[in-house]
Amino acid sequence: MKIAIINHSDSRGGASVVSMRLMKALAAEGADVSMIVTHKAGNDPDVHVAARPLRQKIPFLLEHARIFAANGFTRRDLFAVSIASDGLPISELPQVRRADVVMLNWVNQGMLDFDEIARIIAMGKTVIWTMHDMWNLTGICHHAGTCTRYSLTPGCGMCPLLHRRAAENDLSRRTWHRKQALYSRGRIVFVAVSSWLGRKCAESSLMGDAIVEVIPNAFPVDEFYIIPRRKRAELGLPEGKKLIVMGAARLDDPVKGLDLAIEALNRLADSGRTDAHAVFFGAIRDPHALDGLRLPHTALGPVADKDFLHELYAHATAVLSSSLYETLPGTLIEGQAAGCFPVSFGEGGQADIIDHGTSGYIARYRDTDDLARGLETALDGRFDPELLRRHVEERFSSQAVARQYLRLLNI
């Protein structure tokens, strides 16, 4: 069975990382897999670039020019939406032509347009579309937040992410109709990477008749370990403290809820807790973002060294996520694989990761008192690290996830 995975990159962003893991997991199960990207950073021979850099820029710029105009010529929320109006002729690539199965992953930012996806469907391929956010079930947004207009028929319109004068037949409504037309063209099997995302699909007027399966992202459980292999002094980490780790590509992205994490951590500090130290990894654009944090802490910045991250998790007691919504928070799974106790709000796929009170703590939404209570539970050591690791192995190992996809392909 020949499979072509299409994703924007082999390395940029969470969807890229898990798409690469899926490619390798499927190959390990005997599938003939290749991947097509617009941005290639690695040297894997099975990853192919869709087009030359200059050719890639054309659809990217055209799509964003259309969004810019519909947005009242402001950059505000310009990259929070996608419209798949322009793309690359990926159906012409040999990897796609000879494939039995085409797996679409994150294909926005000028990679694929609706017409090109329709051409792939018309080729008679089995098409699997893995959803890493809400874009497939809304008009144009990747995360709807508190907006529920995607449940209307017709859906969307009056989009809060478009900053021109509000209108029913705005770009979001017009794109909703284009998606509706695409989904009616042929059989697409959609894969939601969490039960939460699957429930959002059920609410969407676009996807009422769609085939939606829930299969989580694959994680390299075997790379993580519970017992540290290096001393803290070598890593620049404080001795004699219980570490609370929080990481993201960009920590002060508003959706990550960094202000709520700071509130919860300050509650620990103000309660007289002297045994805790917070460690942050990831970019922070605002140099003052952590100024209000009273708990002792270390900000590492972006960390590309996987070995360092494995050691960091192995030294840590808790892994924290304060995201306002998250499809399937990868840092929580990584922490669990190293025996860390995950603490998070529950607006997203956290319930697929955490059995509350047993394999982690799901705090009441936006309740920083409850988030702090979860951290107290972790710091007091009321959990079994080995149980946390087994929990991840059973649900998220690459082999388990690859076999779920292969069973799906035999439907």
Side-chain angles (χ1 to χ4, degrees), residues 226-228 231-248 251-252 256-282 284 286 288-301 303 308-309 311-324 326 329 331-347 350 353-389:
I226 294 174
I227 305 300
K231 297 187 178 186
R232 288 193 180 187
E234 297 176 50
L235 305 169
L237 299 173
E239 300 283 358
K241 299 289 184 179
K242 295 178 179 179
L243 303 184
I244 300 169
V245 174
M246 180 174 173
L251 282 159
D252 59 344
K256 299 301 178 184
L258 180 61
D259 56 333
L260 299 174
I262 289 172
E263 282 185 30
L265 293 168
N266 280 343
R267 292 180 193 283
L268 294 183
D270 295 346
S271 71
R273 192 104 204 188
T274 60
D275 60 344
H277 186 99
V279 180
F280 299 91
F281 67 88
I284 299 178
D286 179 0
H288 303 292
L290 297 175
D291 285 358
L293 179 55
R294 295 187 290 277
L295 190 79
H297 60 278
T298 301
L300 299 171
V303 176
F308 181 92
L309 284 179
E311 280 294 315
L312 174 60
Y313 282 123
H315 280 282
T317 298
V319 56
L320 170 64
S321 171
S322 54
S323 292
L324 302 182
E326 193 102 46
T331 57
L332 298 184
I333 301 172
E334 291 170 350
Q336 272 188 335
C340 293
F341 192 80
V343 179
S344 176
F345 296 129
E347 187 61 23
Q350 292 89 336
I353 302 168
I354 297 170
D355 292 336
H356 178 66
T358 303
S359 60
Y361 193 100
I362 298 178
R364 289 187 295 274
Y365 191 52
R366 291 181 176 265
D367 186 336
T368 54
D369 278 334
D370 201 22
L371 199 64
R373 273 191 288 275
L375 293 171
E376 291 272 7
T377 300
L379 295 172
D380 291 341
R382 297 195 294 268
F383 64 93
D384 179 355
E386 292 288 350
L387 182 148
L388 296 179
R389 181 176 174 82

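- Interatomic distance, CD of Q350 versus CD1 of I333, reported as 10.0 Å (0.5 Å rounding).
- From L312, atom CG reaches atom CG of L300 across 6.5 Å, with rounding to the nearest 0.5 Å.
- For the pair V319 and V343, the minimum side-chain heavy-atom distance is 4.5 Å or more.
- The NE2 atom of H277 sits 11.5 Å away from atom CD of E239, with the distance rounded to the nearest 0.5 Å.
- For the pair E263/S322, no side-chain contact is recorded, criterion being any heavy-atom separation below 4.5 Å from C-beta on.
- The shortest side-chain heavy-atom distance between I226 and E386 falls under the 4.5 Å cut-off.
- Evaluation of the salt bridge (Lys or Arg N to Asp or Glu O under 4.0 Å) rule for D355 yields R395 as partners, not counting sequence neighbours.
- Put simply, the side chain of N266 gets close to the backbone of G292: a donor and an acceptor are under 3.5 Å apart.
- In this structure the side chain of S359 reaches within 4.5 angstrom of the side chain of Q336, judged on heavy atoms.
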ask   = Yes or no on side chain to side chain contact (heavy atoms under 4.5 Å, CB included) for L260 and L324, after CA distance, side-chain angles and deciding distance?
value = CA-CA 9 Å; L260 299 174; L324 302 182; 3.7 Å; yes
message = Apply side chain to side chain contact (heavy atoms under 4.5 Å, CB included) to residues I244 and L379 and explain how you reach the verdict.
response = CA-CA 9 Å; I244 300 169; L379 295 172; 4.2 Å; yes
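- The closest side-chain heavy-atom distance from Y361 to L320 is not below 4.5 Å.
- Residue A363 comes nearest to D367 through the heavy atom pair CB-O, 4.5 Å, listed as atom of the first residue, atom of the second, then distance.
- Residue L371 comes nearest to S321 through the heavy atom pair CD1-O, 4.4 Å, listed as atom of the first residue, atom of the second, then distance.
- Under 3.5 Å, the side chains of E334 and Y313 contain a donor-acceptor pair of N or O atoms.
- Closest non-hydrogen pair, E347 versus Y365, comes out as CB-CE1, 3.5 Å.
- Remark: side-chain polar atoms of H297 are not paired, donor with acceptor, to backbone N or O of V279 under 3.5 angstrom.
- In this structure, the side chain of K242 does not engage the main chain of A276 through any donor-acceptor pair within 3.5 Å.
- Here CG of D286 is found 9.5 Å from CG of L258. Values are rounded to the nearest 0.5 Å.
- When all heavy atoms are compared, the tightest approach of P342 to C340 is CD-O, 3.3 Å.
- Between A338 and A314, the shortest heavy-atom distance links the atoms CB-N, 4.0 Å.
- With rounding to the nearest 0.5 Å, the separation of CG in L375 from CG in L265 is 6.0 Å.
- Here CZ of R273 is found 11.0 Å from NZ of K241. Values are rounded to the nearest 0.5 Å.
- Ring pair F341/F383 is tilted by interplanar angle, where 30° to 60° counts as tilted.
- With hydrogens and angles ignored, the 3.5 Å screen pairs a side-chain donor or acceptor of R389 with a backbone N or O of A337.
- Annotation: side chain of F281 is in contact with side chain of T331 (closest heavy-atom distance under 4.5 Å).
- Looking at heavy atoms from C-beta onward, E326 lies in side-chain contact with K256 at the 4.5 angstrom threshold.
- The residues D370 and R373 are annotated as salt-bridged, a charged nitrogen and a carboxylate oxygen being separated by less than 4.0 angstrom.
- Inter-residue side-chain proximity for L235 and R232 is flagged as unmet; no heavy-atom pair is nearer than 4.5 Å.
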message = Walk me through whether L387 and T358 qualify under side chain to side chain contact (heavy atoms under 4.5 Å, CB included).
response = CA-CA 9 Å; L387 182 148; T358 303; 4.1 Å; yes
